[in-house]
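Here is the structure we will look at.
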Protein chains: 2
Amino acid sequence: MEKKFQAIYDVLAKEIQTEKIRAGQLLPSENELTERFATSRETVRKALQLLSQNGYIQKLQGKGSIVLEQDKLPLPVSGLTSFKELARSMSQKVETSVIELSSKEAHGCNQQVLQCEEGTPIWELQRMRKLDGEAVIYDKDLLLKKLAPGLTKEIAADSIYDYLEQELGLSISYARKEVVVEEADAKDKEILDMGSYQQLVVVRSAVYLEDTTLFQYTESKHRPDKFRFVDFARRTK
Amino acid sequence: MEKKFQAIYDVLAKEIQTEKIRAGQLLPSENELTERFATSRETVRKALQLLSQNGYIQKLQGKGSIVLEQDKLPLPVSGLTSFKELARSMSQKVETSVIELSSKEAHGCNQQVLQCEEGTPIWELQRMRKLDGEAVIYDKDLLLKKLAPGLTKEIAADSIYDYLEQELGLSISYARKEVVVEEADAKDKEILDMGSYQQLVVVRSAVYLEDTTLFQYTESKHRPDKFRFVDFARRTK
DNA sequence: TTGCATAACTTGTATATACAAGTTATGATA
DNA sequence: TATCATAACTTGTATATACAAGTTATGCAA
């Protein structure tokens, strides 16, 4: 079986993306969708809940599901978006170069952020990203070697996430992120085209797999003028 | 009736917050919880799904629900958190002062961001916030007067969200946000204690009610060293 | 002891039913 | 015509059942 509610979500999400159903319009009612997809109402409701969570629709008791204005802003949409996905959605020239990919053993501070034993084999990866020919993003990654033993510079220059999910079948599940602004240090200034900027937007994130193992720690430094973060959030309370 | 799944969520969330159940431990199984709360498994599952969404637990097929490490970082946790809530969780001295609260009619640019008719009555609000005696946040709000007719400087100095939700019974439902870094202008420098900083982190957000009406537009400028954004995100794809 | 099938758990998906709660259009009544 | 109750929709909550899929411990067999 192939997850009906996911399939229904995909169909409806695409119809909204392609504006087959326009913003402000109502989706067909749950009963109609139940008929259309030859399923049960609960299954339809699961699909609709996903749409709601991802900002496609707003459900209104008694009325129906209204299609929301789409963010034309072609950006991160919070969540876990890899740089490659991000770059694809921006129609700019993007270039990634690997500064360093080395195999080390966890110690002290490294070991602490990855919450692993002293001496655990890890990858230490540094990459620089160019947008329109300017070096504006500097990424440092720490990952457990055990889970991505065959990592190479070529893979790192493409997309780590693709490699993990499609090649290795690992399921990235959730992440914690922190965004702050910090002074650029000497190394930052050496790597990036800082112009007259003295500060960087720093995104630190810890990425976890389905089984809750902390797998990757990333520090991503962005030149302030090239940084933008877009978010859709529902009030949970 | 009083929404059982919400009640179950509240109980379990509190047990996790107070570390009655600690990180790394498993929750009781769905069947056990079903018995404990004298309900059905589906209802328990709805509660667990909420916990999962909000970063309290990770569900593992075949194993159970693991309690996740809690963010000790006492900060925004994405979502829609009002400044008052935020301030409460930080044990710093916080002070809000209203710079301006005036009643206007929408025109040109104002009208555009609020997506309303020319001439619609709106509130224009400007506030400055001090942390530990330093002026570090500058907020500008536009809101539809129709929905909050009795707004006063006193209310604005406290919490607009409390007023809207508790006094007026309005349901804030979702928001779109954008975070960028911009140069501070003359007005910013006049209002805030900028020190040697030249830039500000600007959070622009559009806040919507349950019926999808755009109700408030906010521009919140933060001195870079006092800005921090923390996020928990699940990979949806 | 070791290895392996299996049983007994766990969560995931799909379905059906019932009623509550909110919205809207209908139509009878004044 | 105008008003209002109501019927006919909509989504929300709660329950029950069945089976699929993943994990773990049991215990038999080699």
Side-chain angles (χ1 to χ4, degrees), chain A residues 1-12 21 24-53 56-68 169-171 173-174 209-213 234-237, chain B residues 1-12 21 24-53 56-68 169-171 173-174 209-213 234-237:
Chain A
M1 194 152 319
E2 230 278 282
K3 287 194 196 169
K4 276 194 181 182
F5 77 92
Q6 187 73 43
I8 297 172
Y9 168 85
D10 291 339
V11 169
L12 294 178
I21 314 176
Q25 287 186 326
L26 288 173
L27 283 187
S29 75
E30 294 178 354
N31 285 324
E32 287 173 305
L33 291 173
T34 299
E35 271 197 45
R36 171 173 163 196
F37 291 104
T39 181
S40 66
R41 192 178 150 218
E42 278 305 317
T43 301
V44 166
R45 281 175 63 76
K46 277 189 190 167
L48 294 185
Q49 202 201 6
L50 269 187
L51 290 171
S52 170
Q53 263 169 36
Y56 284 107
I57 64 171
Q58 171 74 0
K59 304 199 73 182
L60 294 176
Q61 187 169 3
K63 289 184 97 166
S65 298
I66 291 188
V67 175
L68 295 181
L170 291 178
S171 294
S173 183
Y174 62 96
L209 301 180
E210 271 186 347
D211 64 358
T212 75
T213 58
R234 286 194 174 273
R235 187 153 175 95
T236 52
K237 155 93 197 212
Chain B
M1 195 154 316
E2 230 279 284
K3 287 193 193 170
K4 277 195 181 182
F5 77 92
Q6 186 72 42
I8 296 171
Y9 168 85
D10 290 339
V11 169
L12 294 177
I21 313 175
Q25 288 187 325
L26 288 173
L27 282 189
S29 75
E30 293 177 354
N31 285 325
E32 287 173 304
L33 291 173
T34 299
E35 270 197 46
R36 171 172 164 197
F37 291 103
T39 181
S40 66
R41 192 178 150 219
E42 278 304 318
T43 301
V44 166
R45 282 176 62 75
K46 276 189 191 170
L48 294 184
Q49 202 200 9
L50 269 187
L51 289 171
S52 170
Q53 263 169 36
Y56 285 106
I57 63 171
Q58 172 74 358
K59 304 199 75 184
L60 294 177
Q61 186 169 4
K63 289 184 100 168
S65 298
I66 291 188
V67 175
L68 296 180
L170 291 177
S171 295
S173 183
Y174 61 95
L209 301 180
E210 272 186 345
D211 63 357
T212 77
T213 57
R234 289 195 171 273
R235 188 152 174 96
T236 55
K237 162 92 197 219

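Within every chain, numbering begins at 1; the chains are lettered A, B, ... in the order of the sequence lines, protein sequences first and strands thereafter.
With distances taken from any side-chain atom of B:F5 to the nucleotides C:dT11, D:dT13, C:dT13, the minimum falls on D:dT13. Closest contact between the side chain of A:Q61 and the listed nucleotides D:dT13, C:dG22, C:dT15 involves C:dG22. Considering only side-chain atoms of B:E30, the nucleotide from C:dG12, D:dT15, D:dT10 that sits closest is C:dG12. Residue A:S40 has its side chain nearest to C:dT15 when only D:dT10, C:dT11, C:dT15 are considered. Comparing atom distances between the A:R41 side chain and each of C:dA18, C:dA16, D:dT10 picks out C:dA18 as nearest. Closest contact between the side chain of A:E42 and the listed nucleotides C:dG12, D:dT10, D:dA14 involves D:dA14. Checking D:dT11, D:dA14, C:dG12 against every side-chain atom of A:R45, the shortest atom distance belongs to D:dT11.
Dashed line: the shortest gap from a side-chain N or O of A:S29 to OP1 or OP2 of D:dC9 is not under 4.0 Å. Phosphate contact (OP1/OP2 of C:dT15, side-chain N/O of A:K4, threshold under 4.0 Å): present. Note on A:K46: every side-chain N or O is 4.0 Å or more away from OP1 and OP2 of C:dG12. A sub-4.0 Å separation between OP1 or OP2 of D:dC9 and a side-chain N or O of A:N31 is absent. In this structure, A:K59 reaches the D:dG12 phosphate: one of its side-chain N or O atoms is under 4.0 Å from OP1 or OP2. Side-chain N/O atoms of A:T39 include one lying less than 4.0 angstrom from OP1 or OP2 on C:dT15.
Taking a 6.0 Å sphere around CD of A:E35, one finds it holds 12 or fewer heavy atoms contributed by other residues, nucleotides or ligands.
Rounded to whole Å, atom C1' of C:dT10 lies 13 Å from atom CD1 of B:I57. The interatomic distance linking B:E35 (CD) with C:dC9 (C1') rounds to 15 Å, in whole Å. The interatomic distance linking A:L51 (CG) with D:dT11 (C1') rounds to 15 Å, in whole Å. The interatomic distance linking A:L27 (CG) with D:dT11 (P) rounds to 9 Å, in whole Å. Between B:I66 atom CD1 and C:dT11 atom P there is a gap of 11 Å when expressed in whole angstrom units. In this structure, NZ of B:K3 is placed 18 Å from C1' of D:dT15, rounded to the nearest angstrom. If you measure from atom CD of B:E32 to atom P of C:dT11, you get 8 Å, rounded to the nearest angstrom. The CD atom of A:Q6 sits 21 Å away from the P atom of D:dA20 (whole-angstrom rounding).
Put simply, OG1 on B:T212 and CG on A:L60 are 6.5 Å apart, with the number rounded to the nearest 0.5 Å. Taking CD1 from A:I8 and CG from A:L50, the interatomic distance works out to 10.5 Å, rounded to the nearest 0.5 Å.
Nearest heavy atoms, A:K59 versus A:S65: CE-OG, 3.6 Å.
Between A:Y174 and B:L68 there is a side-chain heavy-atom pair separated by less than 4.5 Å. In this structure, A:S40 and A:K4 have side chains that are not in contact, with every pair of non-hydrogen atoms separated by 4.5 Å or more. Within the 4.5 Å cutoff, no side-chain heavy atoms of B:T43 are placed close to those of B:F37.
A distance-only check finds no donor-acceptor pair linking the side chain of B:Q58 to the backbone of A:D211 [under 3.5 Å]. When atom types are taken as modelled, the side chain of B:T34 and the backbone of B:E30 share a donor-acceptor pair closer than 3.5 angstrom.
Taken over five-pair windows at either terminus, the axes of the helix from C:dT1-D:dA30 to C:dA30-D:dT1 are inclined to one another by 0° (rounded to 10 degrees).
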Write out a two-atom table: protein N or O, nucleotide N or O from nucleotides 24-26 of chain D, distance below 3.5 Å.
unit_1	atom_1	unit_2	atom_2	d
D:dT24	OP1	B:K63	NZ	3.3

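Across all strands, B:L60 comes closer than 4.0 Å only to sugar-phosphate atoms, never to a base (heavy-atom distances).
The side chain to side chain donor-acceptor pair (under 3.5 Å) check on A:K46 picks up nothing, with sequence neighbours excluded.
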- Task: Evaluate the side-chain contact (heavy atoms from CB on, under 4.5 Å) criterion for residues A:Q49 and B:Q49: first the C-alpha distance (whole Å), next the side-chain angles of each, then the deciding distance (0.1 Å), finally the verdict.
- Result: CA-CA 12 Å; A:Q49 202 201 6; B:Q49 202 200 9; 3.4 Å; yes
